[in-house]
*Asks:* 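Sharing a structure with you now.
In the text below, chain A, chain B and the rest are named by the order of the sequence lines, each starting its count at 1.
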Protein chains: 2
Amino acid sequence: MQFIAYKNYVQVFAYIFRWDTLAAIRHNNARNPMALAHAIMTALIDDDLSGYELAKSFDVSLGFFWRASHQQIYQELRKLAERGLLRGEKVSQSGKPNKIIYGLTEEGREALAQWVYDSSRMQEAKDDMLVKLYNLGDDNISHMVSEIEKRRDEMMQRLYLYERIRRTHYAKPDVLPVRRQGVYLALRCGITGGEQFLAWCDEALKRLAQIQSAQA
Amino acid sequence: MQFIAYKNYVQVFAYIFRWDTLAAIRHNNARNPMALAHAIMTALIDDDLSGYELAKSFDVSLGFFWRASHQQIYQELRKLAERGLLRGEKVSQSGKPNKIIYGLTEEGREALAQWVYDSSRMQEAKDDMLVKLYNLGDDNISHMVSEIEKRRDEMMQRLYLYERIRRTHYAKPDVLPVRRQGVYLALRCGITGGEQFLAWCDEALKRLAQIQSAQA
DNA sequence: CTCGACATGTAAAAAGTTACATGATTCT
DNA sequence: AGAATCATGTAACTTTTTACATGTCGAG
């Protein structure tokens, strides 16, 4: 089932949009190259970090907006060091494996500052669960309910963390320096998006409950 | 733009979760394998379509939640046909290149119905623009303003389309058959998510304007 | 003495993007 | 005549995931 049968959508659209506008909607599925590399460099603006530390800090900050596994991060760090955008310093540790502390070079800082001006396209939404909803039926409705409930719980946890960060570090955003205000805005995006998702979950659960009670 | 008062999740959570639970938030970055294949099969539930038609219908329906390029779709269709989940029928056309109309086989329908019960993990958010906000500075602030404005316009267009679809095909969701109600919920997710994003854009633009006027 | 956190990776596979290719038709 | 649309792909590449590997240290 589609929103609109393929044969009709053209007519529907001819009404609303000029064709050039439609084309703009269509071709949005593009990746912004090197995004992870720039996310990593961003994480190194203030502090020099080892791969492990970086991966950890990713989990509670930038990773909210660009996820990466530790394997990817290690590889990317090595590549960036090879290209001269990062400088890596080996640190021998007694008892523990050696680690490499990475920091931005001047070149790296320049490349990062330049990247901000690159055009980036809107990110595609990708969600399995919403595709599953297209397959909703009397038989799988209770499974969808539990899946949505699970997502709702996960989002609750995440929001709790966001809120905690907001209150401890961004309670008075107006007095923060410019860059911190940018981070605050990103955090706000996560918070409002999460709140919206919670609201949607409740709407969906309510509707699914209605369908279920009508069945019985 | 107002959202339901979910602000109390903070208190709720302070009671429910201890800090160790937060670790569970960390390892959510996984892909759900074969998601595109299932999205394609979903698009073929009601109608048999050629690759081209499928790609088009993707653009105005399922593609809102799982984007794919036509190249990817053609490849996936071929693979699915090889695995017996789709059946492809060659249609000779005069004047135009031949096309292959694909439809679900019984096996395909079963696999799809089964897939709905597979566990899927929360999708990672990936957004370049939010990473860029971490690099906000006096010099690039006006660029960020124009980038957010661009996103806002794009989202407006998309919301306009969503809303049009909702009104023409889902005006009275309660009387729809179960599966259509699932699609309606997905659409609602897109709409509320989009509205939230617009609201965030306005919040961000307001804050950035404040910073700019403080500079001058 | 085992389990989990610390710390660092390699290798292979899957998924997704970009660039290229072709050739008819229809609209301006 | 030139642009856009219809219609179908292939090939090369990048990005991301999964699975595997190794070894130390501290807590229970």
Side-chain angles (χ1 to χ4, degrees), chain A residues 6-7 10 13-14 18-20 22-23 26-40 49-59 63 66-81 88 90-102 120-121 123-124 126 128, chain B residues 20 23-24 26-40 49-59 63 66-81 83 88 90-102 120-121 123-124 126 128:
Chain A
Y6 167 63
K7 299 191 169 58
V10 176
F13 261 82
R18 293 193 314 279
W19 277 104
D20 52 348
L22 240 195
R26 280 220 279 254
H27 305 296
N28 267 334
N29 56 324
R31 176 152 320 181
N32 302 302
M34 308 291 303
L36 174 60
H38 293 102
I40 286 175
L49 298 171
S50 71
Y52 191 84
E53 289 167 325
L54 186 64
K56 289 291 150 230
S57 102
F58 238 68
D59 283 339
W66 201 277
R67 287 226 149 255
S69 60
H70 77 270
Q71 294 92 330
Q72 232 186 319
I73 288 172
Y74 280 119
Q75 280 182 35
E76 204 62 46
L77 282 170
R78 189 160 34 79
K79 277 191 223 164
L80 285 169
K90 281 201 178 105
V91 178
S92 305
Q93 300 184 114
S94 61
K96 287 181 186 181
N98 299 341
K99 60 179 172 181
I100 305 173
I101 303 275
Y102 290 95
S120 66
R121 279 155 290 186
Q123 213 51 32
E124 76 278 34
K126 284 208 170 175
D128 238 12
Chain B
D20 55 348
R26 287 220 277 251
H27 304 295
N28 268 333
N29 56 324
R31 178 154 318 182
N32 303 302
M34 307 291 301
L36 174 59
H38 293 103
I40 285 175
L49 298 171
S50 73
Y52 191 84
E53 290 168 325
L54 186 64
K56 288 294 151 219
S57 106
F58 239 68
D59 282 340
W66 200 277
R67 287 227 148 252
S69 60
H70 78 268
Q71 294 92 329
Q72 230 187 322
I73 287 172
Y74 280 118
Q75 280 182 36
E76 204 63 45
L77 282 170
R78 188 159 36 78
K79 275 190 223 164
L80 286 169
R83 287 200 290 144
K90 279 201 178 104
V91 177
S92 305
Q93 299 185 115
S94 61
K96 289 179 183 179
N98 299 341
K99 60 179 171 181
I100 304 173
I101 304 275
Y102 290 95
S120 66
R121 280 155 290 186
Q123 213 50 34
E124 76 276 35
K126 284 209 168 173
D128 238 12

*Asks:* Rounded to the Å, how far apart are Arg121(B) CZ and dT18(D) C1'?
*Replies:*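 After rounding, the reported distance stands at 10 Å.
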
*Asks:* Using OP1 and OP2 only, check whether a side-chain N or O of Tyr52(A) sits under 4.0 Å from dT8(C).
*Replies:* no

*Asks:* Send over the distance from Asp128(B) CG to dT15(D) C1', rounded to a whole Å.
*Replies:* 14 Å

*Asks:* Distance check: side-chain N/O of Gln72(A) vs OP1/OP2 of dT16(D), anything under 4.0 Å?
*Replies:*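 So the side chain of Gln72(A) is within the cut-off, an N or O lying under 4.0 Å from OP1 or OP2 of dT16(D).
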
*Asks:* Taking OP1 and OP2 of dT10(D), is either one under 4.0 Å from a side-chain nitrogen or oxygen of Arg78(B)?
*Replies:* yes

*Asks:* Which residue lies toward the 5' end of DNA chain C, Leu36(B) or Gln71(A), if each is placed at its nearest nucleotide?
*Replies:* Gln71(A)

*Asks:* Check whether any side-chain N or O of Tyr74(B) sits under 4.0 Å from OP1 or OP2 of dG9(D), and answer yes or no.
*Replies:*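 For dG9(D), neither OP1 nor OP2 has a side-chain N or O of Tyr74(B) closer than 4.0 Å.
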
*Asks:* CD1 of Ile101(A) versus C1' of dT8(C): gap in Å, rounded?
*Replies:*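 Taking atom C1' of dT8(C) as the reference, CD1 of Ile101(A) is at 13 Å.
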
*Asks:* Can you identify which nucleotide, out of dT8(D), dG9(C), dT15(D), has its nearest atom closest to the Lys99(B) side chain?
*Replies:*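 Between dT8(D), dG9(C), dT15(D), the one nearest the side chain of Lys99(B) would be dT8(D).
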
*Asks:* Kindly give the heavy-atom pair with the smallest separation between Tyr52(B) and Tyr74(B), and that separation in Å.
*Replies:* N-OH, 3.6 Å

*Asks:* Can you tell me if Ser50(B) touches the phosphate of dT8(D), counting only side-chain N or O atoms and a distance under 4.0 Å to OP1 or OP2?
*Replies:*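 For dT8(D), OP1 or OP2 has a side-chain N or O of Ser50(B) closer than 4.0 Å.
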
*Asks:* What I'd like to find out is whether the side chain of Phe58(A) reaches to under 4.5 Å of the side chain of Ile73(A), using heavy atoms alone.
*Replies:*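 A side-chain contact exists here, since the closest heavy-atom pair is under 4.5 Å.
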
*Asks:* Would you kindly give the CZ-to-P distance between Phe58(A) and dT16(D), to the nearest whole Å?
*Replies:*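 So the CZ-P distance, Phe58(A) to dT16(D), works out to 10 Å.
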
*Asks:* How close do Asp128(A) and Ser120(B) get, counting heavy atoms only, and between which atoms?
*Replies:*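 Looks like OD2-CB, 3.4 Å.
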
*Asks:* Grab the NE2-C1' distance between His70(A) and dA19(D) for me, whole Å please.
*Replies:* 11 Å

*Asks:* Would you please confirm or rule out a distance under 4.0 Å between OP1 or OP2 of dT18(C) and any side-chain N or O of Ser69(B)?
*Replies:* no

*Asks:* Does Lys126(A) have a side-chain nitrogen or oxygen under 4.0 Å from the phosphate oxygens OP1 or OP2 of dG16(C)?
*Replies:*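 For dG16(C), OP1 or OP2 has a side-chain N or O of Lys126(A) closer than 4.0 Å.
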
*Asks:* Please find the pair of heavy atoms, one from Leu49(B) and one from Ser57(B), that lie closest to each other, and give the distance.
*Replies:*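 Heavy atoms of Leu49(B) and Ser57(B) come nearest at CD1-OG, 4.2 Å.
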
*Asks:* Could you tell me the separation between the CD1 atom of Ile73(A) and the C1' atom of dT17(D), rounded to a whole number of Å?
*Replies:*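 Rounded to whole Å, this separation is 14 Å.
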
*Asks:* Whole angstrom is fine here: how far is it from CG in Asp59(A) over to C1' in dA5(C)?
*Replies:*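 In whole Å, dA5(C) C1' lies 14 Å from Asp59(A) CG.
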
*Asks:* How do Gln75(B) and Gly51(B) order along DNA chain D: which one's closest nucleotide is nearer the 5' end?
*Replies:*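 The residue mapped nearer the 5' terminus is Gly51(B).
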
*Asks:* Supply the atom-to-atom distance Tyr102(B) OH to Glu53(B) CD, rounded to the nearest 0.5 angstrom.
*Replies:*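 Answer rounded to 0.5 Å: 12.5 Å.
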
*Asks:* Look at the side chain of Trp66(A) and decide which nucleotide, out of dA11(D), dG9(D), dT16(D), has an atom nearest to it.
*Replies:*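 Taking heavy atoms from C-beta onward, the closest nucleotide is dT16(D).
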
*Asks:* Which nucleotide in the set dA7(D), dC6(D), dT15(D) lies at the smallest distance from any side-chain heavy atom of Lys56(B)?
*Replies:* dC6(D)

*Asks:* Could you check how far CE of Met34(A) sits from P of dC13(D), rounded to whole Å?
*Replies:* 17 Å

